[in-house]
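Heads up: the structure comes next, in structure tokens.
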Amino acid sequence: MNRVNIRIAAAALLVIALMALGVASAALQAQNETEKPAQTAAPSGARSVWDGVYTEDQAKRGEPLCNAECTFCHGVKLTGGESAPPLVGGEFLSNWNGLTLGALFERIRLTMPQDTPSRLSRQQKADILAYILSINKFPAGKAELQQKTELLKEIKFEANKPKE
Amino acid sequence: MRGSRIAIGNLLLWLLALISTVATAQDRARDGEWPTYAADLAGTRYRPLDQINASNFNKLEVAWRFKTDSLGNRPEYKLEGTPLMVNGVLYATAGSRRAIVALDAATGELLWVHGEHEGARGAAAPRQLSGRGLAYWSSGKGGEERILYITPGYRLISLDAKTGALISSFGDHGAVDLKLNDDQTFLPDLTTGEVGFQSAPVVANDVVIVGAAFREGFTPKSMRNNKGYVRGFDVRTGKRLWIFHTIPKKGEFGYDTWLNGSAEYTGNTGMWTQLSVDRELGLAYLPIESPTGDFYGGHRPGNDLFGETLVCVDLKTGERKWHYQLVHHPLWDMDISSAPILADIMVNGKPVKAVAQPTKQGFLYVFDRVTGKPVWPIDERPVEKGNTPGEWYSPTQPFPSKPPAYSRNGVSIDDLIDFTPALREQATKIVSKYHLGPVFTPPVMSQIDGPLATLTLGTAGGGTNWPGASYDPETHILYAFACNACLTPLGLVQAPKEVSDMNYVAGTAGQKVQMRTGPGENSGADSPLPSRSRQAPPAAGGGGTYGPLNIDGLPLIKPPYGTITAINLDKGEIVWQIAHGETPDLVRNHPALKGLNIPRTGQTTYNIGTLITKTLVIAGDGQVTTTEEHPRGAMLRAYDKATGKEVGAVYLPAQQSGSPMTYMLNGKQYIVVAVSGGAYSGEYIAFTLPSQDE
């Protein structure tokens, strides 16, 4: 390669390098502008427990089920027992704040009631969850609570109503 | 001749130096290990390590993590274990199986697992899940090594520590059936007869000591129950060496403290928590729990020895040397909940071999552990007499004069929430329906128009519970975590005959009596058991829960909700006390408290254990919070042990559910803690410093 060619090649390399740098910097800038703190819950724009994710009828179905299955350990008014946390009120909201309905549903589905989790069907557990949401004053809506875990994971559990 | 004498002299000196070097190295190695549940047999939870200290605690990184989900047929959300570390191997209980795992202590790699499948017997166990720990025994340096633990179905298992294999020469092919050879017949049968265990057995001088546990005593099915005797077994063979009758048999000392022959049928009165041992003195210190019926004792009139009593027995023979009953005729579920701590202290210039017992009632009872004599006077003082029909009341109860109570017992208006005058007024109105009083105020018959119950602190969930306290043998300071706001209403109702044959059980007027289950009951890997049926009708049950007494979620009792207290045992004085645990979200974010600057409140959890090192007190939060400093999680905190000032904190993804431990391995210090709860299934997390920061 003669000297001129080397210079051209070097210049070309330099241009390419500069372009690469420019692209990288633009990308970095873009990333910095849109970067959010790490989230463990649903992607932004997804629904939350404040969006009417269960129906009143469903909660009504869940109430006698809950009384039969949950109050034994969680207390007569679901305010907690010796080894069982409350299912209503501030402590319950704090325990699940920031997670998803899917996480809560899975916990109920897999391990509750403690002696025989398999005794209740997925539908029944969804009804119980609807009742629990209702006594915590989350609003009812037009559609029943989803039963599929992957869909429930799209619904964020927020203790406080998100600002409009 | 002279030359050879010098040569021999030099040789001897050289040998001596060698021996002492080896001995020191062994001591150092032992200082870096954690060979028993509480670090040592004195119950101190202390290691003289300081590689991790105030200057670098915040830099701790996760070295490895071990989830316990697969050790059983369902994940576990109540991992309470403290692992052991010996010879570079970490041993722990894990999972709904209560399996034993051996991990490489540097990397967390699984080396072996052992699980006992106990079928119906495991399913019927009153105390399930992975429990609090296990024991290690060795026949000597380079000799045999074994791991011993007690299964949910109440069998004592001995495993080869290197392989996890059952020791065939121990008991029956590696297992001693603890429901046998217990000087009683477990009723109704061996499979379902109520007795179990969830703490770690203790091994000392080749003796394994085993206690007994039962269901919670709020609503017993019957005034009759199996008894919780304590036994010592030969660690090599499993042969029973001795038994101590916590409820005396006819003719034994203490039998007549159970009037009307009630010692014949009353049960419980076991030892469900850790014990401590003084190997040199050859003495074991047994903390005994409540007799049948936590809150009603009409079927067991009398002082009920050895219920809620600290008993000192001979390690080899089980012979009682001395005892001290902390509560006469127990009615408050003040079962002695943790290991007594053996401390060599200096009182008024004189050395005392002491034993200090932390409790739920916030009293620390300190005795000479040789003679049983209280170090500072314990006064018998008159207490309020109750009026439950048929009940027997002790006219007096023991009150330690020193140290002062380190957590709340009894409830008064002054203990109520006072963030604002309005909240205090609301709280006063709520408690007007309850009977209030100082420690040892008796439970009351629950009446719809009031009193609904006696409101209590320092009973069932109060003060120091199973994790116990910790002790620094260098400074003679004892550190005790306590729940300072764990409110329990003690109301009694008549029990329907189909629920219980006792006259009265815990309950609230107007609500159906609800049977209470044991911790983890029916949730172990051998559950469910088809034959087990609910005792109570499914309609609203009642009473005795912590929950209902709050104002819009705010605790009825004012902060601090949970504390760590440093007590100087030489002087019997409190040195410092801090609130431990982040202010709960519901308090921090509460609209009624907007604009108020509220100092850290601590948390109302009862199950936090502390770890002491050369410079730090270490404990994690018992509840998760979401703050500006950290996303949803809990913090493992380090405090300067001299002052109580927080000097560091690292993030945990869930609350501490087992007490932390520490060890040195290959020149690095590790801290391991169990976390679990709510949405997070059980996990052991190991922390260490980044390599370049040692």
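Each chain gets a letter, A, B and so on, in the order the sequences are listed, and its residues count up from 1. These numbers come from a predicted model, not from an experiment.
Per-residue heavy-atom pair counts under 4.5 Å with chain A were compared for B:Asp585, B:Thr626, B:Thr625, and the maximum is reached by B:Asp585. Contact count against chain A (heavy-atom pairs under 4.5 Å) is highest for B:Gly678 among B:Gly678, B:Gly553, B:Gly677. For chain A, the option among B:Asn589, B:Val624, B:Leu586 with the highest count of heavy-atom pairs below 4.5 Å is B:Leu586.
Here the OG-CD distance, from B:Ser96 to A:Gln114, works out to 11.0 Å after rounding to the nearest 0.5 Å. One finds the OH atom of B:Tyr77 at 8.5 Å from the CE atom of A:Met112 (value rounded to the nearest 0.5 Å).
When the shell of 6.0 Å around CD of A:Glu56 is examined, it contains 12 or fewer heavy atoms from other residues, nucleotides or ligands. Within 6.0 Å of NZ on B:Lys433 lie no more than 12 heavy atoms contributed by other residues, nucleotides or ligands.
No side-chain donor-acceptor contact under 3.5 Å links B:Arg74 to the backbone of A:Leu110. A donor-acceptor contact shorter than 3.5 Å links the side chain of B:Arg632 to the backbone of A:Asn95.
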